[in-house]
Amino acid sequence: MKRKKKRRLVLPVILMVLFGIGMLCVILALYLFKIRGVNVIGNRTVPKEEIVDLSGVRPGDNYLLLDEAKMKVRIETNRYLEYISSQFDYSGTLTIKLNERHAMGILQRNGYYYVIDERGMVLENTGMSYPPGIRCPIVKGLNMPDSAMILAGEIVGVKDREQLTALSKVLKALDVTNMMGRTSSVEMANLDNIYIMTTEQARVVLGEAENLRLKLIVAREILHQREDQENLTGVSIDISNGKEAHYIPAVLPTITPTPEVTATPGPSPTPQKK
């Protein structure tokens with residue numbers, strides 16, 4: 001009988017201990033995984049406060065209850081932001097890592113202007129007005145299907161994906177060589193003969209999308225040397241071979257013909273007396 005009574009007493013005690021352990025674990029989880037602050041990595045122009053507000057995360061939220069997929073969707077409602085990942089440390093800080101997309105080109109189609117990033121993703125449609133405050137080139141020559149829809153948040157549809165690959169290389173090279181603001185347009189119709197037009201309406205022939213950084217640095221230096229000497233409108237710089245540049249002025253100098261020496265007849269010999 002005593003053994004049975006002991007068994008009856010032990011079971012509730014075990015249950016109470018397990019319940020206590022469970023409650024302790026819950027309390028520890030609520031404390032250890034409590035979000036006390038939010039940090040953002042990867043933003044350059046979009047303010048941290050705006051990104052945190054978009055994420056929906058608030059101090060006091062529990063990291064274990066955080067829905068990362070929903071947070072990604074909320075952040076990317078701003079098309080200039082691309083969510084990468086998040087990390088929580090036990091000081092209570094949630095770090096959000098993202099990539100900030102940048103306006104790198106402008107498409108003009110059927111009277112409308114579209115801002116795109118380096119990969120050809122449409123960031124926004126500015127309607128029939130040129131995008132204000134954006135200094136990047138108009139992209140020309142993309143072979144797009146007639147029925148293609150240009151939608152914000154999607155990659156531009158082209159018949160030849162190599163065009164987008166080459167365009168990405170050109171836009172990146174323009175950015176790193178500080179030629180983006182000096183370029184008015186990029187012509188992509190012929191991938192063997194890509195060229196850009198500068199804001200002075202000088203043409204820079206790049207050829208294929210290879211060694212673009214070196215080509216643009218050389219072209220930039222030539223433009224810098226010539227801009228104080230002459231009007232650059234209509235000039236051409238061919239750097240397509242990647243080794244040497246050929247500068248062609250807008251007006252070729254007229255070659256002055258060299259006068260030929262005309263033989264002057266000498267005096268007739270004086271006849272001698274016999």
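Every heavy atom of this structure was used, including side-chain atoms; hydrogens, water molecules and symmetry mates were not. Keep in mind that this is a model prediction, so the values were computed, not measured.
M149 shares a hydrophobic cluster with L151; the chain of contacts runs through ILVMFWY side chains whose heavy atoms sit under 4.5 Å apart. Other members of the hydrophobic cluster containing V115, listed by chain and number, are Y80, I106, Y113, L123, Y130, I134, I138; membership follows side-chain contacts under 4.5 Å among ILVMFWY residues, whether direct or relayed.
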* To do: Could you please spell out the steps behind the side-chain contact (heavy atoms from CB on, under 4.5 Å) verdict for V205 and I237?
  => CA-CA 6 Å; V205 181; I237 301 172; over 6 Å; no
* Could you walk me through whether D53 and R58 pass side-chain contact (heavy atoms from CB on, under 4.5 Å), step by step? => CA-CA 8 Å; D53 187 57; R58 301 290 180 269; 3.3 Å; yes
* To do: Begin from the C-alpha positions of K140 and M188 and carry the test side-chain contact (heavy atoms from CB on, under 4.5 Å) through to its verdict.
  => CA-CA 6 Å; K140 299 179 179 180; M188 299 297 302; over 6 Å; no
* Asked: Given the rule in the side-chain contact (heavy atoms from CB on, under 4.5 Å) test, do T95 and I41 qualify, once you have shown the distances and angles that lead to the verdict?
  -> CA-CA 7 Å; T95 300; I41 296 175; 3.5 Å; yes
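Residues meeting the side-chain hydrogen bond (donor to acceptor under 3.5 Å, both in side chains) test with N99, sequence neighbours left out: E82.
The distance from atom CE of M71 to atom CG of L66, rounded to the nearest 0.5 Å, is 5.0 Å. Note that CG of L174 is 5.5 Å distant from CD1 of I196, once rounded to the nearest 0.5 Å. The SG atom of C136 sits 12.0 Å away from the NE2 atom of H102 when rounded to the nearest 0.5 Å. Note that CD1 of I51 is 10.5 Å distant from CG of N39, once rounded to the nearest 0.5 Å. Distance check, rounded to the nearest 0.5 Å: CG of D160 to CG of L142 gives 10.0 Å. Atoms CG and CG, on L54 and L98 in that order, are 10.0 Å from each other to the nearest 0.5 Å.
Using a cut-off of 4.0 Å between Lys/Arg side-chain N and Asp/Glu carboxylate O, R44 and E100 are scored as not salt-bridged. The pair K72-E76 meets the salt-bridge criterion, since a charged nitrogen lies less than 4.0 angstrom from a carboxylate oxygen. Electrostatic pairing of R213 and D175 does not count as a salt bridge here, judged by no charged N lying under 4.0 Å from a carboxylate O. Remark: K169 engages E210 in a salt bridge, criterion side-chain N to carboxylate O under 4.0 Å.
Checked by atom type and distance alone, the side chain of R182 never pairs as donor or acceptor with a backbone atom of T198 at under 3.5 Å. Within the 3.5 Å criterion, the main-chain N or O of M197 finds a donor-acceptor partner in the side chain of S184. Without hydrogens or angle criteria, R101 side chain to L81 main chain gives a donor-acceptor distance under 3.5 Å. Although no hydrogens or angles enter the test, the distance criterion places no donor-acceptor pair under 3.5 Å between the side chain of Q201 and the main chain of L232. Side-chain N or O atoms of T77 include one that pairs as donor or acceptor with a backbone N or O of R74 at under 3.5 Å. T183 places no side-chain N or O within donor-acceptor distance of the main-chain N or O of S185, the cut-off being under 3.5 Å. Side-chain atoms of R79 do not come within 3.5 Å of backbone N or O of E124 as any donor-acceptor pair. In this structure, R119 contributes its side chain and D117 its backbone to no donor-acceptor pair below 3.5 Å. Checked by atom type and distance alone, the side chain of E187 pairs as donor or acceptor with a backbone atom of A189 at under 3.5 Å. Under a 3.5 Å cut-off, the side chain of N43 and the backbone N or O of V46 do form a donor-acceptor pair.
Residues G157 and P145 come closest through the heavy atom pair O-CD, 3.6 Å. Looking at every heavy atom in both residues, N231 comes nearest to V235 through O-CG1, 4.0 Å. Residue N241 comes nearest to H246 through the heavy atom pair ND2-NE2, 4.4 Å, listed as atom of the first residue, atom of the second, then distance. What you find for M104 and L171 is that their closest heavy atoms are O-CD2, 3.3 Å. Between P137 and M180, the closest heavy-atom pair is CD-SD, 3.2 Å.
In this structure, V40 and V52 have side chains that are in contact, with non-hydrogen atoms separated by less than 4.5 Å. Contact of the L191 side chain with the E162 side chain is registered, since non-hydrogen atoms from C-beta on lie closer than 4.5 Å. Looking only at side-chain heavy atoms (C-beta outward), N62 and I35 stay at 4.5 Å or farther from each other. By the 4.5 Å heavy-atom criterion applied to side chains, Y114 and T126 are not counted as neighbours. M121 is not listed as a side-chain neighbour of V156, based on a closest heavy-atom distance of 4.5 Å or more. Side chains of L212 and T177 form no contact here, defined as non-hydrogen atoms less than 4.5 Å apart.
Under the 4.5 Å side-chain heavy-atom criterion for grouping Ile, Leu, Val, Met, Phe, Trp and Tyr, I222 is not connected to Y195 through any hydrophobic cluster. Under the 4.5 Å side-chain contact rule for hydrophobic residues, M144 and Y112 share a cluster. I150 and I155 fall within the same hydrophobic cluster, defined by Ile, Leu, Val, Met, Phe, Trp and Tyr side-chain heavy atoms under 4.5 Å apart, directly or through other members. I239 and I248 fall into different hydrophobic clusters, where Ile, Leu, Val, Met, Phe, Trp and Tyr residues are linked whenever their side-chain heavy atoms come under 4.5 Å apart, directly or through other members. By the criterion of side-chain heavy atoms lying less than 4.5 angstrom apart, applied directly or through intervening Ile, Leu, Val, Met, Phe, Trp or Tyr residues, V122 is grouped together with V186 in one hydrophobic cluster.
Side-chain polar atoms of S86 and Y83 form a donor-acceptor pair below 3.5 angstrom.
No more than 12 heavy atoms of other residues, nucleotides or ligands shown are found within 6.0 angstrom of CD on Q87.
Using the six-membered ring where Trp is involved, Y90 and F88 have ring planes that are perpendicular, over 60° apart on the 30 and 60° scheme.
Both cation-pi conditions hold for R226 and Y247: the charged atom is under 6.0 angstrom from the six-membered ring centre and inside a 45 degree cone around its axis.
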